[in-house]
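Written out below as structure tokens is the structure these notes cover.
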Number of protein chains: 2
Amino acid sequence: MAPKIKDVAKQAGVSVTTVSRVLNGEKYVKDDLKARVKRAIDELGYTPSHIARSLVLKKTNLIGVIVPDITSSFYSTILSTIERTASLNDYNLMVCNILEDTDKELKYLQIFKQMRVDGIIIMHEKFSEEIRELIQSLDIPFLFSSVKPADQQFVSVIIDDYAAAYDATRHLIGLGHSRIGFIGGDMRDVTSGQNRYLGYSNALSDCGIKVEDDYIRFGDYKTQSGYDLMKEILANETRPTAVFAVSDDMAVGAMNGIHDCGLKVPDDLSVIGFDGSQLTEQVRPRLSSMEQPILEMGKVTVDKLLRMIAGNEEEPLNDVILKHKLVVRDSCKAYRDHS
Amino acid sequence: MAPKIKDVAKQAGVSVTTVSRVLNGEKYVKDDLKARVKRAIDELGYTPSHIARSLVLKKTNLIGVIVPDITSSFYSTILSTIERTASLNDYNLMVCNILEDTDKELKYLQIFKQMRVDGIIIMHEKFSEEIRELIQSLDIPFLFSSVKPADQQFVSVIIDDYAAAYDATRHLIGLGHSRIGFIGGDMRDVTSGQNRYLGYSNALSDCGIKVEDDYIRFGDYKTQSGYDLMKEILANETRPTAVFAVSDDMAVGAMNGIHDCGLKVPDDLSVIGFDGSQLTEQVRPRLSSMEQPILEMGKVTVDKLLRMIAGNEEEPLNDVILKHKLVVRDSCKAYRDHS
DNA sequence: TTGAAAGCGCTAACAG
DNA sequence: CTGTTAGCGCTTTCAA
């Protein structure tokens, strides 16, 4: 059995209180006692039980995180910075990888409750009524990151997805394109589904371009779906000359679909992605993308959550809107009409 | 404050013992009492404290995982299956993302100790003596996955990296290549550094091909390093006609380096990767790779660890060697001498 | 079948 | 400065 505080006390010939005091760096301990306790701790290889400590302190230093898919380049990156920021503040993560399994999200939320995590970060917005209720009844600070659920009372750290999609589309239009395809997300997602679609279609309308349903498809943000949908779009009699995909993974899938159809990016079609994941630099041609400030987003999320946990009354409970940024690489080209 | 077992007992008009019994599904409780307790639980929205339970049971259902980089396609995938398998067995993960920071590994190991995790999975082999000692003194079952530290007493779930690298190289040789470049890992890593290098060089020697240092570079498994090293290799007067990179990420970097030098894969150079990550299908041409059974590896690792935790005496404490598999895609081509 | 009470390992009044 | 003691929320003998 691992040594306990009592063992240390006995070894050092002091009371458990004194041991506790040196453990927690209190000042009211004479130097010689402090030294004896420290030696005893070393000799025994003692490490305080976080469990016991949590029980009395009512604080676990745990943050629960719900993420749709840790193998996605976007989520693994944001998760990485969340972990880093949390760790620097002595918080640990407990992550739930949903993978389409909505029951799992509910189950994990219950686990978070049992675990008495100090806070929760959610990067998923398509939840059931049951989950919505649970989450609100939890009495644990929570925050959404990179998504904004329809429920206006929930607070998010996010970019303006509508504006970002609008700007991405305008970029394509600015290059002279007018037949612009769209590979969207799930329209049940407000943030990455609806808002990005609206940004796209409104940009078109504002420029007097007709929104062509044949050029529009919706998928699941993954490479395979971008690939399949691109092929569907290419099946049109007159192809678009550019396409906007709402995730880099889908954009890469689209590029592959184009490639496998014997066409070239950007000569035959321009492609623009969304997110700014590392995949943009891993493919050829390198993918232009409407980027989210991923690292900042993760850091800001954790910092804000920690302030909420600390019970900072000053902490405004409204959204934090971060800035998106277009990063031009090699996958888009000006369009010249050859007719 | 969240309701506690005492509140439930009061509400149901029974003792806490009885509540505990229905919570843990014991049989010796009369049906009517059981019903009353269940109703009280619902009314109060009670969820038992995992903390308190862990303290008395001396079991946390937590597994600590140490991974080099969760944004790597290989590690995010194996982590995903580890999480899945653990979750199905009612275990939760606490993951440490090292990111080159060796102090962080040590710090997390100490956290795992404080947390009293039930078991530890390590996917990193380049640890200090200090870590080696800590880990052994921990009295917590631990297991290495996808790596095999030099210390023979540690148990690993792994493939035969030497044989896999040997086979990959032989594949290239079989295609007629004799000038074969090598983009390796860190030679301080036994598994993915030394063993894969030895597999490569021995395959060459066995076929009477001279091992050419100018064609050999070592990096850090990441795309950027594959890119840079490939360019160095291409700077040779006579280029190799094929190259073997010991991670898919590096292989993709190499492909990009080749592309950016105005050369073509596989026409000018064949490229073969290692791991079998999803990146192999995301790039064009699709990357041939010596694949590890990633999903199986994650599952086997967790299953074995759980058996060790359960104190299964039958559980053999030796390595589990999984089978590697060559998956041929479009990045390699037979070599014909044009001289 | 049920309940009283001890104890898991630690912190924090409260005394001295 | 230092020690005694009462919990934190739960499980588990041991009796009834």
Side-chain angles (χ1 to χ4, degrees), chain A residues 1-38 40-41 44-62 110-118 139-140, chain B residues 1-38 40-41 44-62 110-118 139-140:
Chain A
M1 233 28 271
K4 36 194 92 167
I5 198 172
K6 205 173 167 185
D7 301 322
V8 176
K10 195 169 300 173
Q11 175 92 351
V14 297
S15 73
V16 294
T17 314
T18 302
V19 177
S20 175
R21 284 207 251 268
V22 348
L23 244 29
N24 296 294
E26 266 185 50
K27 21 175 73 169
Y28 300 119
V29 182
K30 263 191 184 152
D31 285 350
D32 62 325
L33 276 200
K34 195 179 292 182
R36 263 162 53 200
V37 169
K38 282 188 171 157
I41 288 176
L44 268 44
Y46 168 76
T47 306
S49 160
H50 185 87
I51 305 290
R53 191 175 268 181
S54 295
L55 185 60
V56 29
L57 260 25
K58 293 170 180 318
K59 180 154 186 9
T60 54
N61 278 51
L62 246 34
Q110 274 151 183
I111 290 177
F112 290 166
K113 187 180 178 187
Q114 288 182 192
M115 290 279 188
R116 307 296 196 250
V117 300
D118 293 336
D139 194 38
I140 296 175
Chain B
M1 233 28 270
K4 36 195 91 168
I5 198 171
K6 205 173 167 184
D7 300 321
V8 176
K10 196 170 299 175
Q11 174 92 352
V14 297
S15 74
V16 295
T17 314
T18 301
V19 177
S20 175
R21 285 206 250 267
V22 348
L23 244 29
N24 295 295
E26 267 184 48
K27 20 173 76 169
Y28 299 119
V29 182
K30 266 192 182 152
D31 286 349
D32 61 325
L33 276 199
K34 194 180 290 184
R36 263 161 54 199
V37 169
K38 282 188 172 157
I41 288 175
L44 268 42
Y46 169 77
T47 306
S49 160
H50 185 87
I51 305 291
R53 191 175 271 183
S54 295
L55 185 59
V56 31
L57 261 27
K58 293 172 180 318
K59 179 152 185 13
T60 54
N61 278 51
L62 245 34
Q110 273 151 184
I111 290 177
F112 290 166
K113 186 179 178 187
Q114 288 183 193
M115 290 279 188
R116 308 297 197 246
V117 301
D118 293 336
D139 194 36
I140 295 176

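This structure is a prediction, so every number in the text was calculated from the model and none was measured. Note on naming: letters A, B, ... go to the chains in the order of the sequence lines (proteins, then strands), and numbering restarts at 1 for each one. As a basis for the values below, the full set of heavy atoms in this structure was taken, side chains included, without hydrogen atoms, waters or symmetry mates.
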I need the NZ-P distance between A/Lys10 and D/dG3, as an integer number of Å.
15 Å
Should A/Val22 and A/Leu33 be marked as a side chain to side chain contact (heavy atoms under 4.5 Å, CB included) after you check the CA-CA gap, both sets of side-chain angles, and the distance that decides it?
CA-CA 9 Å; A/Val22 348; A/Leu33 276 200; over 6 Å; no
In whole angstrom, what separates A/Leu57's CG from C/dC10's C1'?
9 Å
Any side-chain N or O of A/Lys6 less than 4.0 Å from the OP1 or OP2 oxygen of C/dC8?
no
Give the rounded distance in Å between these two atoms: CG of B/Leu33 and P of C/dT2.
4 Å
Minimum heavy-atom separation for A/Gly13 and A/Arg36, please, with both atom names.
O-NH2, 3.4 Å
Could you state the CD1-P distance from A/Ile5 to D/dG3, rounded to the nearest angstrom?
12 Å
A/Asn61 CG to C/dT11 P, in whole Å, measures 13 Å
Using a distance-only test with no angle check, is there a side-chain donor-acceptor pair under 3.5 angstrom linking A/Ser15 and A/Thr18?
yes
Of the listed nucleotides D/dT2, C/dG3, C/dT1, the one nearest the side chain of B/Ser15:
C/dG3
Does A/Ser20 place a side-chain N or O at less than 4.0 Å from the phosphate oxygens OP1/OP2 of C/dT11?
yes
Nearest-angstrom distance from the residue atom OH of A/Tyr28 to P of D/dG3
17 Å
N or O in side chain of A/Arg21 less than 4.0 angstrom from C/dT11 OP1/OP2
no
Nucleotide C/dC10, atom P - distance to NZ of B/Lys58 in whole Å:
9 Å
Testing the basics here: between B/Ile140 and B/Lys113, what is the closest heavy-atom pair and its distance to 0.1 Å?
CD1-CA, 4.4 Å
Selection from D/dG7, D/dT2, D/dC10 that lies nearest to any side-chain heavy atom of A/Val29
D/dT2
Whole-Å distance, A/Lys34 NZ to D/dT2 C1', equals 14 Å
Let me confirm one number: the NZ-CG distance from A/Lys4 to A/Asp7, rounded to the nearest 0.5 Å.
6.5 Å
Return the 5'-most residue of the pair A/Arg53, B/Val16 with respect to DNA chain C, ranking by each residue's nearest nucleotide.
B/Val16
Taking OP1 and OP2 of C/dT2, is either one under 4.0 Å from a side-chain nitrogen or oxygen of B/Thr18?
no
Can you see which heavy atom on B/Pro3 is nearest to which on B/Leu44, and at what distance?
CG-O, 3.5 Å
Separation between NE2 of B/His50 and OG1 of A/Thr60, rounded to the nearest 0.5 Å:
11.0 Å
Ignoring the backbone of A/Thr17, work out which of D/dT11, C/dG9, D/dT5 is nearest its side chain.
D/dT5
Take the C1' atoms of the five end pairs on each side of the helix from C/dT1-D/dA16 to C/dG16-D/dC1, get both axes, and report the angle to 10 degrees.
40°
Identify which nucleotide among C/dT11, C/dG3, D/dG9 has an atom closest to any side-chain atom of A/Leu55, counting heavy atoms from C-beta outward.
D/dG9
On DNA chain C, check which nucleotide each of B/Gly13 and B/Val56 is closest to and give me the residue with the more 5' one.
B/Gly13
So for atom CG, which belongs to A/Asp139, do other residues, nucleotides or ligands contribute more than 12 heavy atoms lying within a distance under 6.0 Å?
no
So does B/Tyr46 get a side-chain nitrogen or oxygen closer than 4.0 Å to the phosphate oxygens (OP1/OP2) of D/dC10?
yes
